Amino acid sequence: TGYYGDGLNAIIVFAACFLPDSSRADYNYVMENLFLYVISTLELMVAEDYMIVYLNGATPRRRMPGLGWMKKCYQMIDRRLRKNLKSFIIVHPSWFIRTILAVTRPFISSKFSSKIQYVNTLAELREMIPMEYVHIPDSIVKYDEDKCIKRRMRASCLSNDPEMASVEQE
């Protein structure tokens, strides 16, 4: 959690990599109580505008929340909390998350949809929000670094390949 702007509005950071494994026998119970905890915390913290930063990187598929759980969360969030949410930033979005949001877009409000932003790197996130009060878990930082290294290697390979270099110049 951190803050932004003159009014020190809340930035809520949610790291999916720490969610419980869906193979747990008590998974539904744990997720239900986690949601109730998150909502009660939001209600206490959020008096003004706020944003949610959802860290999706370094999250195995079995730890990602299901569509039903996300829908239930959205429906149970108080109107005031939905209204005060200024931005829902998804860092390192997977094809799964993008697909889920694309499929559910017709069923969620256009106002909420317009608040969703995809960010591919922590560097992009730094350009959007002040990071001095935001804690990013080490596993997410490592995931981001590994992803950037792979991207640079791909770019380097493309620029060293004469056929690809001519395609890039066109």
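The first residue of the sequence shown is numbered 1, and numbering continues consecutively from there. All values derive from a computational prediction rather than experimental measurement.
Residues L81 and F35 share a hydrophobic cluster, clusters being chains of Ile/Leu/Val/Met/Phe/Trp/Tyr side chains in contact below 4.5 Å. In the hydrophobic clustering of this structure, F18 does not group with M31; members are Ile, Leu, Val, Met, Phe, Trp, Tyr whose side-chain heavy atoms approach within less than 4.5 Å, directly or through other members. Put simply, L125 and V141 are part of the same group of oily side chains (I, L, V, M, F, W, Y) that touch within less than 4.5 Å, one to the next. Cluster annotation: Y27 is not connected to V30 through the hydrophobic network of ILVMFWY side chains, with a link wherever side-chain heavy atoms come within less than 4.5 Å. A chain of hydrophobic side-chain contacts below 4.5 Å, direct or via other Ile, Leu, Val, Met, Phe, Trp or Tyr residues, connects I12 to I90.
The two residues R63 and L19 have their closest heavy-atom pair at NH1-O, 2.6 Å.
Other residues, nucleotides and ligands contribute at most 12 non-hydrogen atoms within 6.0 Å of the CG atom of D138.
Note that NZ of K86 is 13.0 Å distant from CD of Q117, once rounded to the nearest 0.5 Å. Here the OG-CZ distance, from S114 to F88, works out to 13.0 Å after rounding to the nearest 0.5 Å. Note that OG of S87 is 11.0 Å distant from CG of D49, once rounded to the nearest 0.5 Å. Taking CZ of F112 as the reference point, atom OG1 of T104 lies at 8.5 Å (rounded to 0.5 Å). The line from CD1 of I140 to NZ of K147 is 11.0 Å long, rounded to the nearest 0.5 Å. Annotation: the span from F14 atom CZ to L34 atom CG amounts to 5.5 Å, rounded to 0.5 Å.
Between the side chain of R126 and the backbone N or O of M131, no donor-acceptor pair lies under 3.5 Å. A donor-acceptor contact shorter than 3.5 Å links the side chain of D144 to the backbone of L122.
Here the rule is side chain to side chain contact (heavy atoms under 4.5 Å, CB included) with I89, and of V13, I52, I129 only I129 fits it.
By the salt bridge (charged side-chain N to carboxylate O under 4.0 Å, His left out) test, R80 pairs with no residue at all, sequence neighbours left out. For the side-chain hydrogen bond (donor to acceptor under 3.5 Å, both in side chains) test, no residue two or more places apart in sequence or in another chain qualifies with E145. When the side-chain hydrogen bond (donor to acceptor under 3.5 Å, both in side chains) test is applied to D146, the partners found at least two apart in sequence or on another chain are K142.
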>> Using the rule given for side chain to side chain contact (heavy atoms under 4.5 Å, CB included), can you reason through R152 versus I149, listing the C-alpha separation, both sets of side-chain angles and the distance that settles it, and then say yes or no?
In response: CA-CA 5 Å; R152 274 189 235 117; I149 288 169; 4.1 Å; yes
>> L101 vs Y118, test: side chain to side chain contact (heavy atoms under 4.5 Å, CB included). Steps then yes/no.
In response: CA-CA 11 Å; L101 288 170; Y118 296 114; 3.4 Å; yes
Throw together a table of side-chain donor-acceptor distances under 3.5 angstrom for residues 93-100, partners on residues two or more places apart or in other chains.
| from | atom 1 | to | atom 2 | distance (Å) |
| --- | --- | --- | --- | --- |
| S94 | OG | F96 | N | 3.4 |
| S94 | OG | I97 | N | 3.2 |
| T99 | OG1 | W95 | O | 2.7 |

Listed pairs under 3.5 Å, donor-acceptor, residues 53-62 side chains, sequence neighbours left out:
| from | atom 1 | to | atom 2 | distance (Å) |
| --- | --- | --- | --- | --- |
| N56 | ND2 | H92 | O | 3.1 |
| T59 | OG1 | C17 | N | 3.1 |
| T59 | OG1 | N56 | O | 2.9 |
| T59 | OG1 | G57 | O | 3.3 |
| R62 | NE | D21 | OD2 | 2.5 |

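Sorted by first and then second residue, the pairs that involve residues 30-45 and meet side chain to side chain donor-acceptor pair (under 3.5 Å), not counting sequence neighbours, are E32-K72.
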